Colleague: 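Before I ask anything, let me first share the structure, which is written out below as structure tokens.
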Amino acid sequence: MNLLNIKTLKRIFYKSKTVNTDVRYYKFIVKGNDKGGVLYAPDSWPYPIARDGQEVKNWESLVVELRDGQYRPFHMCIGGANMVNQALKDLLQSYVTSANDIEFLPVKAISKEYGNQIYYIMHFKKIFDVIDPQNTLYVEGTDTILKLRLDYNKVKSKYVFNSQPVINDIIVSDEVRKSIQKNKLDFGLEFMPIFCGK
């Protein structure tokens with residue numbers, strides 16, 4: 001396919017009536033080319049630490065270790081959990097409309113170089129029904145998603161949510177994204193846009 005055809009396809013996609021380009025949501029993506037470190041669970045800890053929609057067990061005794069860089073506001077912990085520091089937890093919690101949706105479980109993070117801190121496992125207690133199945137692209141014959149589209153009517157009053165039972169699925173509204181950036185809590189964090197179908 002030549003460049004002209006790709007540009008034409010993009011133009012058609014963004015003008016499509018099934019996509020609302022004015023309303024954006026963003027998925028958390030860890031940026032790998034900064035000075036941020038990585039949190040590691042002990043090798044003996046059962047994987048995953050937390051699975052959305054299921055109870056998190058034995059988290060009270062978990063101690064994670066920071067390696068290869070400094071603390072970030074958001075970490076995707078090796079061991080299977082999304083972890084946030086106190087400032088990002090407080091910001092995200094201010095947008096959570098129900099305590100039954102998300103919980104923040106405190107764990108100790110240790111580092112010889114940067115000292116010890118408290119981090120929070122960010123755990124969704126449920127999988128939100130937010131997918132627009134008619135405009136989401138799937139691997140043929142499966143429920144594996146290639147290109148996610150959100151249903152605007154299902155997400156229009158949501159600010160922080162997930163869409164699938166996978167460990168790194170955190171989606172935030174544009175308002176939340178801007179607040180994270182304004183408060184300088186986006187170190188080591190990128191935001192991948194996800195569009196909404198109407």
Side-chain angles (χ1 to χ4, degrees), residues 23-41 45 48-56 59-111 113-128 130 148 150 155 157-194:
V23 180
R24 285 199 180 177
Y25 288 82
Y26 296 83
K27 184 173 181 171
F28 277 23
I29 303 290
V30 174
K31 192 187 297 183
N33 60 348
D34 57 23
K35 295 179 181 176
V38 178
L39 291 178
Y40 287 83
W45 199 270
I49 296 166
R51 187 180 301 277
D52 287 347
Q54 298 178 16
E55 180 185 358
V56 182
W59 58 269
E60 298 93 339
S61 60
L62 177 63
V63 176
V64 295
E65 181 182 4
L66 178 71
R67 300 181 201 162
D68 307 319
Q70 56 192 283
Y71 286 109
R72 312 168 186 232
F74 172 77
H75 284 274
M76 207 163 77
C77 179
I78 303 300
N82 296 305
M83 294 196 177
V84 295
N85 69 4
Q86 182 74 49
L88 186 53
K89 169 197 167 284
D90 292 345
L91 186 149
L92 292 170
Q93 217 164 24
S94 72
Y95 287 97
V96 175
T97 55
S98 170
N100 295 323
D101 293 344
I102 306 172
E103 60 187 348
F104 294 89
L105 308 172
V107 297
K108 185 176 183 180
I110 60 172
S111 167
E113 188 174 354
Y114 295 100
N116 299 343
Q117 292 192 18
I118 297 297
Y119 266 73
Y120 296 84
I121 299 170
M122 182 179 175
H123 176 246
F124 290 97
K125 295 182 179 181
K126 66 180 186 179
I127 308 301
F128 288 78
V130 294
L148 175 66
L150 302 173
V155 299
S157 62
K158 293 182 178 17
Y159 297 95
V160 183
F161 55 94
N162 62 10
S163 65
Q164 304 165 65
V166 293
I167 292 163
N168 63 336
D169 190 36
I170 298 174
I171 300 170
V172 296
S173 69
D174 195 36
E175 180 180 339
V176 175
R177 177 187 67 90
K178 287 176 179 174
S179 183
I180 290 170
Q181 291 173 327
K182 180 181 177 183
N183 288 280
K184 302 190 185 323
L185 295 172
D186 57 341
F187 169 58
L189 190 57
E190 292 184 318
F191 300 94
M192 182 180 80
I194 299 173

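Heads up: numbering here begins at 1 and tracks the sequence. Just so it is clear, the structure is predicted and the values come from calculations on it, not from any experiment.
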Colleague: Give, for atom NZ of Lys125 and atom CG of Asn162, the distance between the pair rounded to the nearest 0.5 Å.
Modeller: 13.5 Å
Colleague: To the closest 0.5 Å, what do you measure between CG (Leu148) and CG (Asp169)?
Modeller: 7.5 Å
Colleague: For Tyr95, give me all partners under ring pair (Phe, Tyr, Trp, His ring centres under 6.0 Å), at least two apart in sequence or on another chain.
Modeller: Tyr159
Colleague: Report the residue from Leu105, Val64, Leu88 that forms a side-chain contact (heavy atoms from CB on, under 4.5 Å) with Met83.
Modeller: Val64
Colleague: Kindly write out the residues that satisfy side-chain hydrogen bond (donor to acceptor under 3.5 Å, both in side chains) with Asp101, not counting sequence neighbours, or none if the list is empty.
Modeller: Lys126
Colleague: Quick one: CD1 on Ile102 to NZ on Lys89, what's the gap to the nearest 0.5 Å?
Modeller: 11.5 Å
Colleague: Please enumerate all residues that pass ring pair (Phe, Tyr, Trp, His ring centres under 6.0 Å) together with Tyr26, with sequence neighbours excluded.
Modeller: none
Colleague: Of all residues at least two apart in sequence or in a different chain, which pass the side-chain hydrogen bond (donor to acceptor under 3.5 Å, both in side chains) check with Gln164?
Modeller: none
Colleague: Quick one: does any side-chain atom of Asn168 pair with a main-chain N or O of Asn82 as donor and acceptor, under 3.5 Å?
Modeller: no
Colleague: Strictly distance-based, threshold 3.5 Å: is any side-chain N or O of Asp68 a donor or acceptor partner for the main-chain N or O of Val38?
Modeller: no
Colleague: Rounded to the nearest 0.5 Å, how far does CE of Met192 lie from OH of Tyr25?
Modeller: 15.5 Å
Colleague: Go through the steps to decide whether Phe74 and Leu92 satisfy the test side-chain contact (heavy atoms from CB on, under 4.5 Å), and finish with yes or no.
Modeller: CA-CA 11 Å; Phe74 172 77; Leu92 292 170; over 6 Å; no
Colleague: Can you check whether Gly36's main-chain N or O pairs, donor with acceptor, with Asp34's side chain at less than 3.5 Å?
Modeller: yes
Colleague: Just how far is it from atom CZ of Phe191 to atom CD of Gln181, taken to the nearest 0.5 Å?
Modeller: 5.0 Å
Colleague: Measuring from atom CD1 of Ile171 to atom CZ of Arg24, what distance do you get when rounded to the nearest 0.5 angstrom?
Modeller: 14.5 Å
Colleague: Report yes if some heavy atom in the side chain of Leu66 is under 4.5 Å from a heavy atom in the side chain of Gln117; otherwise report no.
Modeller: no
Colleague: Is the closest side-chain donor-acceptor distance between Tyr120 and Glu103 under 3.5 Å?
Modeller: no
Colleague: List for me each residue that meets side-chain hydrogen bond (donor to acceptor under 3.5 Å, both in side chains) alongside Lys108, sequence neighbours excluded, and say none if there are none.
Modeller: none
Colleague: Is there side-chain contact between Pro73 and Asn85, with heavy atoms separated by less than 4.5 Å?
Modeller: yes
Colleague: Taking only residues two or more places apart in sequence, or in another chain, which ones meet Tyr119 in a ring pair (Phe, Tyr, Trp, His ring centres under 6.0 Å)?
Modeller: Tyr71, His75
Colleague: Within the structure provided, determine whether Met122 and Val160 are in side-chain contact (heavy-atom separation under 4.5 Å).
Modeller: yes
Colleague: Kindly check if the number of other-residue, nucleotide or ligand heavy atoms within 6.0 Å of CD (Glu60) is above 12?
Modeller: yes
Colleague: If only atom types and distance count, is the side chain of Arg72 paired as donor or acceptor with the main-chain N or O of Gly37 below 3.5 Å?
Modeller: yes
